[in-house]
Amino acid sequence: MATMIISSPPPAEDAMSASKVLGDEDLLGEILRRVDSPTSLVRAALVSKRWLRTASGRDLVRCFCALHPPCRHLLGFYVTGDCVPRPEFVSMPALEPHDRELSAVLRQASNSVFEAFPEYSSRVWDSRDGRVLFDFTETSTEHGAEAVLAMAPDRIPLLTRLASGKLYMVAVAGYILGLDMATSELLRHRLPRGRGVRVLRQPCSLPGRRLCSVPHPSHGRSALRLAPQDRG
Amino acid sequence: MEVDKGKGEAEETRKVAEADRDTVTLKSSDGKLFEVSKEAAARLSTVLAGMIAGGSIDDNGTDLKQIGSEALENVVDYCNKHANSIPSAALISSSISFNTAPFKEPEEWERKFVDRLSHDALFDLVEAANFLGMERLLDVTCHKISEMMKGKSPDQIREVFNIKNDYTKEELEEIRQELAWAFYDD
């Protein structure tokens, strides 16, 4: 069944110059290979089928990859625990905020994967070769438990902090687990007691925590995975 | 002392006279004449270099029937600015590296030069640069056009460049899903 598509009005007279240039395969290639980022190249490829052909030409892609080498940063860590329904993502602070690909990946890392499966509890299994392996388990009510929270979930502060090159997180009651980024060494601090420090009575369900590093998608080397013995 | 000064002045006048002689006259498709330094023209345009070397330069105006007067004026303007802005030794080495280096960022004056151009003038200049084999000017103008796509959606790019979408909805959706990372911030 054919459908007539009424096309938009013909290009105005003053669009001639542009269409002459953009209609030339070579010149279009010259322009496309100079776009600022992989995101822009993909978006340009979706302009029309001809643009897609030009944008995916072998020489253009090779040249483009040479101009935009993959980033080798560590993006951040997932903090997971047996009773944490969703891994908490702690991103590295030094990342270039204007890098659109990276910020998209970071947003993806912190939210959307888990939002896509709200009915499952999720876990980070492993990460290597630029991929993160998630484990989504259907929450079974049989094993569920109910607890009255001291405050609304969104008001419970994040239990993980990144400061001065060290990642700190509250582990099971009584101590703080830390990771020194520079040396990849784990630290364990007893929660201080005494003046000015009030240790709340920890509910027994406060999770033991684990660290999974998340390398950039294009990171080639195998990932660092730390599973400290956090049950003292 | 007098002699020395005279010599210096003579040197100056000789240079000016040489520069005067060392120009070529180019004629646009609509018959307008433009003068450009022969040295800059030969250095920046492979086509003009070939014409100069081959003696096919017409003193009354070399016909460039493919290039309109506005574009040719910009070409000549670019050549003159280029000649003034960079010492030629540095330029020669940079023009050799064009073949190996994929792209060299536009310099400040080049950025300003293309920024003041209208949409049409910019595209006309791409065509002229391509026709005249002016690699650096092609570099700078194409870079400017690529910058116009920055941060835009496919729809917006189509609108800017007046391009008809020939994808079906399904095709678009399929590619978007396949390359979802490029659309997270939509």
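Below, each value reflects all heavy atoms present in this structure, side chains not excepted, and no hydrogens, waters or symmetry copies. These numbers come from a predicted model, not from an experiment.
Open room surrounds CZ on A:R58; 12 or fewer heavy atoms of other groups in view lie less than 6.0 Å from it. Enclosure of atom CD in B:Q66 by more than 12 non-hydrogen atoms of other residues, nucleotides or ligands within 6.0 angstrom is indicated. Residue-environment remark: CD (B:E70) stays at or below the threshold of 12 foreign heavy atoms within 6.0 Å.
Heavy atoms only, all atoms of each residue included: B:Y167 and A:L46 are closest at CE1-O, 3.4 Å. Scanning both residues, B:H119 and A:A18, for their nearest heavy atoms gives NE2-CB, 4.1 Å. Residues A:R43 and B:K152 come closest through the heavy atom pair CD-O, 3.3 Å. Taking all atoms of both residues into account, the shortest heavy-atom contact from B:K164 to A:S48 is O-CB, 3.9 Å. The shortest heavy-atom contact between A:S40 and B:G151 is OG-N, 4.3 Å.
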Taking only distance into account, with no hydrogens and no angle test, what donor-acceptor pairs under 3.5 Å do side-chain atoms of residues 44-56 of chain B form with protein atoms, sequence neighbours excluded?
unit_1 : atom_1 : unit_2 : atom_2 : d
B:S45  : OG     : B:V47  : N      : 3.4
B:S45  : OG     : B:L48  : N      : 2.9
B:S45  : OG     : B:L132 : O      : 2.6
B:T46  : OG1    : B:G133 : O      : 3.3
B:S56  : OG     : B:M51  : O      : 3.3

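Rounding to the nearest 0.5 Å places NE2 of B:H143 at 8.5 Å from CG of A:D36. Rounded to the nearest 0.5 Å, atoms CD1 (A:I31) and CZ (B:F161) are 7.0 Å apart. Taking CD1 from B:I163 and CG from A:L22, the interatomic distance works out to 5.0 Å, rounded to the nearest 0.5 Å. To the nearest 0.5 Å, the span separating CD1 on B:I175 from NZ on A:K49 amounts to 8.5 Å.
In this view, B:K27 satisfies the side chain to side chain donor-acceptor pair (under 3.5 Å) rule with no residue, not counting sequence neighbours. For B:E159, there are no salt bridge (Lys or Arg N to Asp or Glu O under 4.0 Å) partners, not counting sequence neighbours.
A distance-only check finds no donor-acceptor pair linking the side chain of B:D120 to the backbone of A:S17 [under 3.5 Å]. Side-chain atoms of B:R158 come within 3.5 Å of backbone atoms of A:V47 as a donor-acceptor pair (strictly under, hydrogens ignored).
For chain B, the nearby part of A:L32 is the side chain; its heavy atoms alone come within less than 4.5 Å. Of the atoms belonging to B:Q156, not a single heavy atom falls under 4.5 Å from chain A. Looking at B:N130, only its side chain comes within 4.5 Å of chain A, counting heavy atoms on both sides.
Annotation: residues 121-129 of chain B contacts chain A through B:F123, B:D124, B:V126, B:E127 [non-hydrogen atoms, separation under 4.5 Å].
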